[in-house]
Amino acid sequence: MRKPAKARVRQSFERAAPTYDSAADVQRRICDRLAAELPAQTPQRLLDAGCGTGYALPLLQARFPAAQALALDLSQSMLQRIATPCCRLLGDLENLPLATASLDLYWSSLAVQWCELAEVLAEARRVLAPGGLLALATLGPGTFRELRHAFAEVDAHTHTLAFHGADEVRQIALAAGFFTVDVRQHAETAHYADFRSLLKAVKAVGANQLGEGRRTSLLSRTAFARAEAACETLRTPAGLPLSYEVITLYARP
């Protein structure tokens with residue numbers, strides 16, 4: 001399951017930083033739910049891994065006011081938009097700049113889908129102290145199925161990331177050394193007035209980078225019109241839907 005190159009992911013989120021907060025309604029809902037279902041914990045040191053503009057930090061600091069908060073992201077522009085006091089770290093989830101057993105809570109909401117999950121969870125296991133907690137939200141294979149439908153008869157290129165299913169997430173967590181593993185699923189849906197608005201929203205949150213098989217040239221007007229027409233067949237009274245299959249993982253080493 002090849003992921004986009006790190007440099008391209010970083011560049012995408014650097015560009016998305018100014019628009020992210022205004023376009024991230026679904027991302028906020030997912031983050032809120034991850035926080036609401038967080039098991040009991042009293043961390044002294046916590047990490048928001050792939051923190052983006054820092055939306056989760058006030059939620060975590062309100063719940064754990066005595067904890068030292070670290071915020072790590074691949075994008076410098078995202079880190080610069082964090083308003084909450086914290087220790088900012090520019091870094092990669094697959095190679096954390098942290099000491100072994102140095103965290104009590106590893107938190108990550110909608111970041112690990114851009115990475116190799118086995119490497120991310122191995123690093124999370126390494127930096128968590130005994131009794132620590134991993135709380136993570138990622139996306140499953142049902143995510144962006146409307147985009148796959150729209151482009152299915154346009155070309156053979158990849159138009160969405162490849163996502164791990166819930167059973168895969170569970171097995172990868174167990175293989176990484178987590179023994180208490182709780183995997184949950186739920187669905188979120190956003191709606192848009194038209195196809196262009198839908199695509200613009202995906203780009204505005206930086207979610208437009210793909211791995212192998214992506215199109216490297218622009219769509220022709222004819223091809224775009226075909227994709228738009230296919231997407232219109234899915235229209236609901238609320239607008240054109242865009243689905244998110246959300247997988248949450250709570251685990252302890």
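Remember, it's a predicted structure, so these values are computed and weren't measured experimentally. When a residue number appears, it is its place in the shown sequence, counting from 1.
For the pair Gly177 and Arg125, the tightest heavy-atom approach, listed with the atom from each and the gap, is O-NE, 3.2 Å. Across all their heavy atoms, Ser108 and Leu34 have their closest contact at O-CD2, 3.9 Å. Between Arg170 and Val181, the shortest heavy-atom distance links the atoms NH1-O, 3.6 Å. Between Gly50 and Asp73 the shortest heavy-atom distance is C-OD1, 3.3 Å. Shortest non-hydrogen contact noted between Ala137 and Thr248 is CB-CG2, 4.1 Å. Annotation for Gln41 and Phe64: closest pair O-CE2, 3.0 Å, computed over non-hydrogen atoms.
Taken to the nearest 0.5 Å, the CG atom of Leu105 stands 6.0 Å off from the CG atom of Leu38. The CG atom of Leu139 lies 8.0 Å from the CD1 atom of Ile247; values are rounded to the nearest 0.5 Å. Annotation: the span from Leu98 atom CG to Leu70 atom CG amounts to 6.0 Å, rounded to 0.5 Å. Considering CD of Glu228 and CG of Asp194, their distance stands at 7.0 Å, rounded to 0.5 Å. Rounded to the nearest 0.5 angstrom, Leu79 CG and Cys51 SG are separated by 5.0 Å. Of the inter-residue distances, the one linking Ile172 atom CD1 with Phe178 atom CZ reads 12.0 Å to the nearest 0.5 angstrom.
Counting heavy atoms from C-beta outward, Cys31 and Leu59 have side chains that approach closer than 4.5 Å. Between Leu136 and Val112 the shortest side-chain heavy-atom distance falls below 4.5 Å. Between Arg196 and Phe224, the closest side-chain pair of non-hydrogen atoms falls below 4.5 Å. The side-chain heavy atoms of Glu94 and Glu123, taken from C-beta on, include no pair separated by under 4.5 Å. Annotation: side chain of Phe13 is not in contact with side chain of Thr53 (no heavy-atom distance under 4.5 Å). You'll find the side chain of Lys6 reaches within 4.5 Å of the side chain of Asp92, heavy atoms only. For the pair Val246/Gln185, no side-chain contact is recorded, criterion being any heavy-atom separation below 4.5 Å from C-beta on. Between Phe179 and Arg252 there is no side-chain heavy-atom pair separated by less than 4.5 Å.
In this structure, Val183 is not a member of the same hydrophobic cluster as Phe163, with clusters built from ILVMFWY side-chain heavy atoms closer than 4.5 Å. In the hydrophobic clustering of ILVMFWY residues, with side-chain heavy atoms under 4.5 Å counting as a link, Leu47 and Leu60 come out apart. Trp114 and Ile30 end up in the same hydrophobic cluster when Ile, Leu, Val, Met, Phe, Trp and Tyr side chains are linked at under 4.5 Å. Cluster annotation: Leu93 is connected to Leu249 through the hydrophobic network of ILVMFWY side chains, with a link wherever side-chain heavy atoms come within less than 4.5 Å. Linking Ile, Leu, Val, Met, Phe, Trp and Tyr residues whenever their side-chain heavy atoms come within less than 4.5 Å places Leu90 and Ile82 in a single cluster.
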Item to check | Evaluation steps, side-chain contact (heavy atoms from CB on, under 4.5 Å), between Leu89 and Cys87 | outcome: CA-CA 7 Å; Leu89 300 171; Cys87 176; 4.2 Å; yes

Checklist entry - So Leu57 and Trp107, side-chain contact (heavy atoms from CB on, under 4.5 Å) or not? Walk me through it. => result CA-CA 10 Å; Leu57 289 168; Trp107 163 284; over 6 Å; no

Item to check | side-chain contact (heavy atoms from CB on, under 4.5 Å) between Glu232 and Phe195, intermediate numbers included | outcome: CA-CA 8 Å; Glu232 280 292 337; Phe195 190 50; 5.6 Å; no

Next on the checklist: Does Val202 form a side-chain contact (heavy atoms from CB on, under 4.5 Å) with Leu242? I'd like the steps, not just the answer.
Outcome noted: CA-CA 10 Å; Val202 171; Leu242 184 64; 3.7 Å; yes

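With hydrogens and angles ignored, the 3.5 Å screen pairs a side-chain donor or acceptor of Arg126 with a backbone N or O of Leu96. When atom types are taken as modelled, the side chain of His164 and the backbone of Gly140 share no donor-acceptor pair closer than 3.5 angstrom. Between the side chain of Gln61 and the backbone N or O of Pro58, no donor-acceptor pair lies under 3.5 Å. Looking only at distances, no side-chain donor or acceptor of Ser12 sits under 3.5 Å from a matching main-chain atom of Val9. With hydrogens and angles ignored, the 3.5 Å screen pairs no side-chain donor or acceptor of Asp182 with any backbone N or O of Tyr250. In this structure, Thr143 contributes its side chain and Tyr244 its backbone to no donor-acceptor pair below 3.5 Å.
Using a 4.0 Å cut-off between charged side-chain N and carboxylate O, Glu14 and Arg10 make no salt bridge. The pair Glu245-Arg145 fails the salt-bridge criterion, with no side-chain N (NZ, NE, NH1 or NH2) lying under 4.0 Å from an Asp/Glu carboxylate O. The residues Asp25 and Arg29 are annotated as salt-bridged, a charged nitrogen and a carboxylate oxygen being separated by less than 4.0 angstrom.
Remark: Arg184 CZ is packed, more than 12 non-hydrogen atoms of other residues, nucleotides or ligands lying under 6.0 Å away.
Side-chain atoms of Tyr106 and Asp48 include no donor-acceptor pair closer than 3.5 Å. No hydrogens or angles considered: a donor-acceptor pair under 3.5 Å links the side chains of Ser243 and Glu146. Gln76 and Arg88 share no side-chain donor-acceptor pair at under 3.5 Å. Between the side chains of Thr233 and His149, at least one donor-acceptor pair of N or O atoms lies under 3.5 Å.
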